[in-house]
Amino acid sequence: MNGKQAIIDKIIGDANAKAEQIAAEAKAKTDEIAKKAEKAAEDIVAEGEAKKKAAFDTVVANAAVVANLDCKKALLTAKTNLIGGAFDRAAEVLRADKKKYCDLVGKMIASSAEDGDKVRVSEADKDVLDKAFVESVAKKRKIKITLDKEYAPIKGGVILVGKNYDKNLSLDLELQTLREECEGEVAKVLFGE
């Protein structure tokens with residue numbers, strides 16, 4: 001049995017050695033696969049972090065652009081309102097000097113009125129641009145115009161109501177035209193731009 005046992009022990013020993021070798025190779029391969037998987041996972045996480053940071057940076061940059069635009073829009077609105085206020089104040093000052101105001105409106109009417117026109121004034125001007133005023137302009141211009149019984153929905157000036165068409169001689173329109181022509185200059189004076 002000794003010879004037999006020696007052969008069996010040798011076969012078992014060789015088998016055990018071979019099993020240990022296979023196990024060691026399998027462990028080495030497993031460790032290598034695990035390291036590769038860990039590296040791949042780290043790469044995926046790093047790529048995800050980079051994408052997340054890039055997305056965050058994009059969101060922050062876009063928010064900054066929008067905030068900057070909103071700020072400029074608010075500033076422009078405030079400047080526009082201030083310029084509008086300046087023109088509204090100019091209309092108030094113009095209307096405050098009744099003699100100069102009547103002279104101005106009288107010249108506007110005289111340059112545009114035709115026989116038969118009705119002069120429609122704003123309700124705010126009914127005591128200044130009255131029947132006597134219209135009659136004096138008609139007499140100077142030697143035309144037939146009358147004061148209309150209706151009021152115009154304007155801040156000042158007049159609307160000449162004619163047979164075929166009306167003529168808008170309102171302060172609203174005149175100041176709007178003036179504003180379009182010189183808004184840049186007004187902005188320079190107000191804001192130093």
Side-chain angles (χ1 to χ4, degrees), residues 1-96 120 122-125 150-159 165-193:
M1 264 222 249
N2 259 347
K4 243 179 165 177
Q5 188 61 39
I7 293 176
I8 291 174
D9 286 344
K10 173 136 175 57
I11 291 173
I12 290 176
D14 287 348
N16 282 339
K18 187 68 172 169
E20 285 178 16
Q21 179 187 358
I22 290 172
E25 287 174 2
K27 173 137 179 34
K29 281 192 177 189
T30 303
D31 289 347
E32 183 181 333
I33 291 170
K35 283 183 182 178
K36 285 182 181 178
E38 188 176 317
K39 173 73 170 112
E42 287 173 0
D43 290 347
I44 290 171
V45 168
E47 184 180 335
E49 288 295 321
K51 285 180 180 177
K52 183 171 76 172
K53 183 179 180 334
F56 175 80
D57 291 346
T58 299
V59 168
V60 169
N62 289 345
V65 168
V66 169
N68 190 22
L69 289 174
D70 286 345
C71 183
K72 287 180 180 180
K73 182 179 170 184
L75 184 60
L76 181 61
T77 299
K79 286 180 178 182
T80 301
N81 290 341
L82 282 172
I83 291 171
F87 278 92
D88 289 344
R89 179 70 180 124
E92 291 172 17
V93 169
L94 181 62
R95 291 181 68 234
R120 187 174 292 169
S122 69
E123 192 166 0
D125 284 343
E150 292 183 41
Y151 294 115
I154 55 177
K155 293 179 185 174
V158 298
I159 305 285
Y165 57 91
D166 298 343
K167 297 176 194 127
N168 187 344
L169 304 177
S170 66
L171 285 183
D172 307 30
L173 181 63
E174 294 297 323
L175 287 173
Q176 179 184 346
T177 302
L178 183 62
R179 181 175 177 169
E180 289 170 3
E181 291 174 4
C182 65
E183 189 169 27
E185 293 173 39
V186 172
K188 283 180 186 177
V189 170
L190 290 176
F191 312 116
E193 297 177 349

> Which pair of non-hydrogen atoms, one from Leu94 and one from Leu171, has the smallest distance, and what is that distance?
Replying inline: CD2-CD2, 3.7 Å
> Which atoms form the tightest heavy-atom contact between Gly156 and Asp172, and what is the distance?
Replying inline: N-OD1, 3.9 Å
> Got a sec, which residues hit salt bridge (charged side-chain N to carboxylate O under 4.0 Å, His left out) with Asp70, two or more places apart in sequence or on another chain?
Replying inline: none
> What pair of heavy atoms forms the shortest contact from Glu150 to Arg120, and how long is it?
Replying inline: O-CG, 3.2 Å
>> Could you measure the distance from the CZ atom of Arg179 to the CG atom of Asp88? Nearest 0.5 Å is fine.
In response: 8.0 Å
> Arg95: what forms a salt bridge (charged side-chain N to carboxylate O under 4.0 Å, His left out) with it, not counting sequence neighbours?
Replying inline: Asp125
> When rounded to the nearest 0.5 angstrom, what distance separates CG in Leu69 from CG in Leu76?
Replying inline: 11.5 Å
> For Asp43, what residues pass the side-chain hydrogen bond (donor to acceptor under 3.5 Å, both in side chains) criterion, not counting sequence neighbours?
Replying inline: Lys39
> Counting only heavy atoms not in Lys167, do more than 12 sit closer than 6.0 Å to its NZ atom?
Replying inline: yes
> Among all residues two or more places apart in sequence or in another chain, which pass the salt bridge (charged side-chain N to carboxylate O under 4.0 Å, His left out) test with Glu32?
Replying inline: Lys36
> Any salt bridge (charged side-chain N to carboxylate O under 4.0 Å, His left out) pairs touching residues 19-30, not counting sequence neighbours?
Replying inline: Lys27-Asp31
>> Distance check, rounded to the nearest 0.5 Å: Leu173 atom CG versus Leu178 atom CG?
In response: 11.0 Å
>> List the residues meeting side-chain contact (heavy atoms from CB on, under 4.5 Å) with Glu38, not counting sequence neighbours, and say none if there are none.
In response: Glu42
>> Between Lys53 and Glu49, does any side-chain N to carboxylate O distance fall below 4.0 Å?
In response: no
